[in-house]
Amino acid sequence: MNLVIGVGLRTGTPYAELQDLATTALHELAGEVRLVVTITGKENEPALQQLAAQLGAELRTFSNEELAEQPVPTPSAQVEQLKGTPSVAEAAVLATGAQLLIPKRQTPNATIAIGVQRAAGYDVRDRAVVQRVIAERRDVRRGFLDLPVDDATLGRVLEAAHRAPSVGLSQPWDFLVIRDLATRRKVHDLATAQRDAFAASLPEDRRAAFDGLKIAAILDTPLNLAVTCDPGRGGRHVLGRHADPRTTMFSAAIAIQNLWLAARAEGLGVGWVSFFEPGEVAAVLDLPAHVELVGYLCVGYVDEFAAAPELVRSGWAKRRPLSWAIHHEEWGRRDTSIVDDARQAAQNAVPATGQRVHVIVGGDASQLQQSDALVVDLRADRPPADFGVLWRPARTPAEAVEFGVEIARDLALQGVGHLAVQLDENSERAESLARGLQVGASACGLTHSTT
Ligand SMILES: Cc1cc2nc3c(=O)[nH]c(=O)nc-3n(C[C@H](O)[C@H](O)[C@H](O)COP(=O)(O)O)c2cc1C
């Protein structure tokens, strides 16, 4: 740790007094003192010079104006009157950009505070740019212009992708750059077939909404990119992958996010298409069998970037509030309880319109014949994967209520307007979950019925 000592002292302070104060405090910390800092005008004080020399640290000063700007924890009106700044020792530490570890300590003639130096972040303007590109990145499916993407621009975008973090630095990705129309036509046909299959799986009212959505721009963009993952890249002993092989796919997905952000900064729209059975795309692209498709991206210049996701603008889905996603120390401990929050929200809920979902609490996959059915499986053992089955093995009735609230609110985000709940298990957990569904439904303005 690189430490900084801020010092305020009276003229003629004995060195022994300052040294004693500093050494006692430094005993509590492990680190090297790199800087001794004080107010301009005190730099020639012998005790201060001796302290800096003994510690092998640089002596630096700040003006009283610079010190007065620092938000110190223990300001002093008396110091302010004398020096024109409410703090010297603490303020000097903060003025270096260090984080305060030990607030001010005093002897009759001297004051010290100690901080730790941190690696620098970006200044406020650059931070705003980072946040802006993240907020303004969009999945783009329409409005592409018939303009070529030159190699230098594409190179910068792929360079950003290639800088992504990867498990054990395995860099499992490759980028297949596709401009050929015949290849894109074949890929487009695969997406169209999957689109039709998805549409057929939807309940009637949801299908009508889906018909208005565009899900790919394979033929509307001059450039398509297939991002792949070689799960064996790096050989047998890739650091960090041994316990969780999924990390190799995560790494390739992160590369896509880097690509997406860099493209946005270049004014290039990117649309991710996943309406594929990956093996079929791999066959069209003639990928080697050990290489897996991670993402298929349509890339091109666009007339504009929308302010919000297309699925939000079309009313298909809504963004989930961040506060629902943050749990403190243990699962379920959010800033406000999800159940209390829902009860509060119910008082001002705006009635929602949308599809009906038939939620079967305590059921199983055999009950999914109707396309509007959704089963909540409460059993301890994980059921076979099926998007129609939500596995929610609640550990307590209270947790079951929370899960119910969450399910209802999540469905509301996906455009559901009515919950028809069927209780198929006679247990406290099932009843609690059904109660949670009711609370969550009321919070979001959904109509609700129980059988
Ligand atoms: C893994 C993944 C797959 C996606 N697949 C598709 C897709 O097949 N078709 C589509 O139109 N959008 C697809 N998207 C885009 C999402 O719908 C989009 O990211 C989301 O609605 C949020 O909008 P935004 O990216 O503009 O913020 C995909 C996004 C991701 C991350």
Side-chain angles (χ1 to χ4, degrees), residues 130-144 157 160-161 164 172-173 175 178 184 187-202 206-207 209-221 224-229 246-282 284-285 292-322 324-325 387 410-415:
V130 173
Q131 291 296 340
R132 183 175 158 211
V133 70
I134 291 170
E136 295 183 0
R137 181 211 52 76
R138 278 283 75 75
D139 183 85
V140 187
R141 301 134 201 204
R142 32 179 120 238
F144 283 100
V157 169
W173 48 74
F175 310 104
I178 305 156
R184 285 188 287 134
V187 177
H188 171 79
D189 290 347
L190 295 176
T192 306
Q194 283 293 338
R195 189 198 157 98
D196 293 346
F198 180 66
S201 75
L202 291 172
R206 197 63 167 159
R207 194 175 314 153
F210 178 64
D211 281 346
L213 288 176
K214 188 163 163 61
I215 53 101
I218 298 165
L219 298 178
D220 312 343
T221 46
N224 290 185
L225 295 172
V227 181
T228 61
C229 176
R246 299 173 310 158
T247 48
T248 187
M249 290 297 257
F250 298 161
S251 304
I254 296 168
I256 296 180
Q257 176 70 348
N258 271 15
L259 182 159
W260 215 334
L261 293 170
R264 174 63 187 89
E266 299 281 353
L268 281 172
V270 173
W272 184 327
V273 193
S274 52
F275 274 66
F276 299 123
E277 198 283 287
E280 289 180 353
V281 183
V284 166
L285 302 179
E292 295 183 34
L293 178 74
V294 179
Y296 192 90
L297 310 173
C298 309
V299 182
Y301 290 103
V302 286
D303 50 10
E304 65 170 350
F305 288 90
E310 171 146 353
L311 296 188
V312 172
R313 286 179 297 127
S314 65
W316 179 268
K318 298 195 188 88
R319 293 192 71 87
R320 185 169 186 242
L322 174 61
W324 297 6
F387 287 128
D410 185 38
L411 291 173
L413 293 179
Q414 288 290 323

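First listed ligand is number 1; within each ligand, the first listed atom is number 1. Computed from a predicted structure; not experimentally measured.
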Practice problem: List the steps and the verdict of side-chain contact (heavy atoms from CB on, under 4.5 Å) for Trp324 and Leu413. | Solution: CA-CA 12 Å; Trp324 297 6; Leu413 293 179; 4.0 Å; yes
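Heavy atoms from other residues, nucleotides or ligands lying under 6.0 Å from CZ of Arg313 number more than 12.
The side-chain contact (heavy atoms from CB on, under 4.5 Å) test applied to Ile254 returns Ala164, Pro165, not counting sequence neighbours. Qualifying ring pair (Phe, Tyr, Trp, His ring centres under 6.0 Å) partners for Tyr301, counting only residues two or more places apart in sequence or in other chains: none.
Within 4.0 Å of ligand 1, the residues that place a heavy atom are Arg137, Arg138, Asp139, Arg141, Lys214, Ile215, Trp272, Val273, Ser274, Phe275, Pro309, Leu311, listed by chain and number.
Note on residues 130-144: pairs passing side-chain hydrogen bond (donor to acceptor under 3.5 Å, both in side chains), not counting sequence neighbours, are Arg132-Glu136, Glu136-Arg264, Asp139-Arg141, Arg142-Glu310.
One N or O on the side chain of Arg184 and one on the backbone of Thr221 form a donor-acceptor pair closer than 3.5 Å.
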